[in-house]
Amino acid sequence: MKQSKLFGRTLREAPAEAQTPGHRLMLRAAIAKPLAAGLYTWLPLGFRVQKKVEQIIREEQDRIGAQEMEMPVLTPAELWKQTGRWDMLEPITFRTKDHNGREFMVSYTHEEFVHLHAMQEIQSYKQMPQIVYHFQSKGRDETRPRAGLLRVREFVMKDAYSFDVDQAGLEKSYAAEYGAYERTFKRMGLDAISVESDTGAMGGDVAHEFQVLTDVGEDRIAICSNCDYRANMEKATRHMAGRSARADGIPARTEISTPGTQSIDALEASLRQPRSAFLKTLLLRDQAGKVVAVVLPGDRDVNEAKLRKILATGEVKFANDADFAAAGAVPGYIGPVGLKTRLLVDQGVEDRAYIAGANKKDAHLRDVLIGRDFQGERIDAADVRAGDLCPKCGVGTLAIKRGVEVGNIFAYGTYYSEKMNATFLSDDGTRKPFVGGSYGIGVGRAVQTIIETHYDDKGIMWPPQVAPYHAHVLALPVNDDDVRTKAEALVSDLEKRGVEVLYDDRDESAGVKFADADLIGIPLRVTVSKRNLKEDALELKLRSASDSEMVPLAGAGERIAEIVRSWPR
RNA sequence: CGGGGUGUGGCGCAGUUGGUAGCGCGUCUGGUUUGGGACCAGAAGGUUCGACGGUUCGAGUCCGUCCACCCCGACCA
């Protein structure tokens, strides 16, 4: 490919909108460009990377016996309504109607539709296990797209779906996908770790995310310093040290005057007590409007994902004024004592004296003790934080790191098949619902994550397996007949040998060509120059290396092909 | 959705107390160059400054409304 003809040019300065290193490089190197917020066009260089990433995913899915197919982007409303997801997904999906008024959703995911097909194609237990997958565009009306391709509103996802006869079969399929994911990410140069994740509003218990740890990630991951425990913050728990019985001798609660202190911050400042001396009480309402109070230690934050799961609701909001009145609470001075509502108490609340809101304006209570002054259901509803004890080994401490979720695997069992009455004929002659799982990888997000983790101050450093080209041939200067002739002969020789070549035939100065080569980041740079040709030689330089190597012109094609063949695939 | 920020040639930016738009890079032409973002000369490029409305003799500059984009948070398999 002649660079003079390449659709896409490099930028010396990145557009102001780009913040993360990978996003800036992606724009500067003409990998992908925005069309609108969260909508990106792959330019030719980036599209080649995307296709290579897809191919790796495809090979690893095929290896475990999964079969590729394709389902439409536009999906009819009826099935979504059958599983209850039409309404649930309303705020985050794109919808349209055909000219007859029939409703469609731009595919958010395809569980409903793959189950429909499974009912048609799989009739007997003898036909299972089955895994099918496709690469398809997904539409998600994210309220906040961010960081280039890391969070977008339309993206290609590989999603695979497994169908088994029972839970044991599902576990095998799940394990097969787990293994495929480990190989897939490794092959594309991503150091992804699996972490336990929340299953969200989709039911089921087992789910893992594959996370690449990097500061630009938007997920927070708790990692044990001692064992292999790793979990998304939405799911992470902590080991509770045994509660000491320090409840004896605590005096009866007394009211104290605290005018104008409506927050933990204000209390901390005016009473000169640590945050942990207070109880934080939140009045919340679920999707159905039911009100519940959650009591936490003053130094802990509520984890909404955990709370949603406990309340079995899709949404948790702060209560309104009427809810406060009904519960007998006063905003800013709410506390668990005497509260007329369901009370959930985080496990972090200890058997000791706390200062809590008095449910009266300008007043708090001192020496409030759980079990004596109020009762509640014990739950785990707080975020873990760095330094907490690991829930698995009880010895190590948790660190919190940021990660990009490049893939996830999810065992949902019969969640969909039961709602859809998607069944097969079992070996005992009865009809049973399919037991399934789904397995996703965001292709574009993976590509940008590769950049975010493979660059230096000069540009991208593509892992060879996913690089847009293998070799970047630079002719210096291109208007020298000898240089041009020999460079073109080399390019054609390399292409015959199956080496993918980007040939910089532009009439640019050496500085521009070297800088662009570094920026675009093709793994092997081959310089054909007047200077080198005096010695009948070429210069080879790996993007990842600091040194270069001179090789004789004769046989250079074979030498380069050999290097390319030695790379991982 | 809450908070903050930014909209001026393709990209990065400047634009004084309101007076009719400029710089660098890039692009085009000619020439000199050719191993780390070259040099000289000339030129094009803004439906006139995100949009609409207002104040004013006069608005890129002031006021209002809206839109777009970015960041933090919320949300989100």
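In what follows, every chain begins at residue 1, and chains take the letters A, B, ... in the order their sequences are listed. These numbers come from a predicted model, not from an experiment.
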Find the distance [X]:[atom1] to [N]:[atom2] and express it as a whole number of Å.
X: A/Gln19; N: B/C70; atom1: CD; atom2: C1'; answer: 6 Å
X: A/Leu11; N: B/G37; atom1: CG; atom2: C1'; answer: 13 Å
X: A/Leu27; N: B/G10; atom1: CG; atom2: P; answer: 17 Å
X: A/Arg153; N: B/C75; atom1: CZ; atom2: C1'; answer: 15 Å
X: A/His23; N: B/C69; atom1: NE2; atom2: P; answer: 13 Å
X: A/Asp219; N: B/A77; atom1: CG; atom2: P; answer: 12 Å
X: A/Glu218; N: B/C70; atom1: CD; atom2: P; answer: 14 Å
X: A/Glu17; N: B/G4; atom1: CD; atom2: C1'; answer: 18 Å

Do any side-chain nitrogens or oxygens of [X] fall under 4.0 Å of OP1 or OP2 in [N]?
X: A/Tyr108; N: B/C76; answer: no
X: A/Arg146; N: B/C76; answer: no
X: A/Arg24; N: B/C70; answer: no
X: A/Arg12; N: B/G12; answer: no

Problem - Pairwise 5' ranking along RNA chain B for A/Ile409 and A/Arg220, keeping only the more 5' one - result: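 Nearest nucleotide further toward 5': that of A/Arg220.
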Practice task
Hey, which sits more toward the 5' end of RNA chain B by its nearest nucleotide, A/Pro145 or A/Met157?
Solution key: A/Pro145
Could you tell me whether [X] and [Y] have a side-chain N and a carboxylate O separated by less than 4.0 Å?
X: A/Asp481; Y: A/Arg484; answer: yes
X: A/Glu549; Y: A/Lys541; answer: no
X: A/Lys486; Y: A/Asp482; answer: yes
X: A/Glu539; Y: A/Arg525; answer: yes
X: A/Asp299; Y: A/Arg385; answer: yes
X: A/Lys5; Y: A/Asp505; answer: no
X: A/Arg144; Y: A/Glu218; answer: no

Practice task
Select one nucleotide: of B/C11, B/A77, B/G73, the one nearest the side-chain heavy atoms of A/Pro15.
Solution key: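 For A/Pro15, the side-chain atoms sit closest to B/C11.
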Practice task
Counting heavy atoms from C-beta on, name the nucleotide in B/G37, B/A77, B/C13 closest to the side chain of A/Thr10.
Solution key: B/G37
Could you check whether [X] gets within reach of a base, just the sugar-phosphate, or nothing at all, counting any heavy atom under 4.0 Å?
X: A/Ala18; answer: nothing
X: A/Arg445; answer: nothing
X: A/Ala475; answer: nothing
X: A/Phe210; answer: nothing

Identified pairing partner of [N], criterion: Watson-Crick or G-U wobble below 3.5 Å:
N: B/U65; result: B/A51
N: B/G73; result: B/C1
N: B/G9; result: none
N: B/G45; result: none
N: B/C39; result: B/G31

Between the side-chain atoms of [X] and the base atoms of [N], is any donor-acceptor pair under 3.5 Å?
X: A/Arg144; N: B/C1; result: no
X: A/Thr143; N: B/A74; result: yes
X: A/Glu111; N: B/A77; result: yes

Same-atom distance ([atom1]) from [N] to [M], integer angstrom:
N: B/U33; M: B/C23; atom1: C1'; value: 26 Å
N: B/C63; M: B/A21; atom1: C1'; value: 23 Å
N: B/C62; M: B/C76; atom1: C1'; value: 42 Å
N: B/G7; M: B/G54; atom1: P; value: 25 Å
N: B/G45; M: B/C39; atom1: P; value: 25 Å
N: B/G2; M: B/C66; atom1: P; value: 12 Å
N: B/G24; M: B/U8; atom1: C1'; value: 15 Å
N: B/G22; M: B/A44; atom1: P; value: 13 Å

Problem - A/Phe210-A/Tyr178 aromatic ring centre distance below 6.0 Å - result: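 That pair passes the under 6.0 Å test.
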Practice task
Just say parallel, tilted or perpendicular for the rings of A/Phe113 and A/His110, cut-offs at 30° and 60°.
Solution key: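 Perpendicular: the ring planes of A/Phe113 and A/His110 meet at over 60°.
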Fill in the blank from the handout: Per-nucleotide protein contact along nucleotides 27-36 of chain B, 5' to 3', at a 4.0 Å heavy-atom cut-off (B base, S sugar-phosphate only, - neither), is ------BBBB
Handout entry: Atom pair CG (A/Leu150) and NE2 (A/His23), whose distance is rounded to the nearest 0.5 Å
Key = 8.5 Å
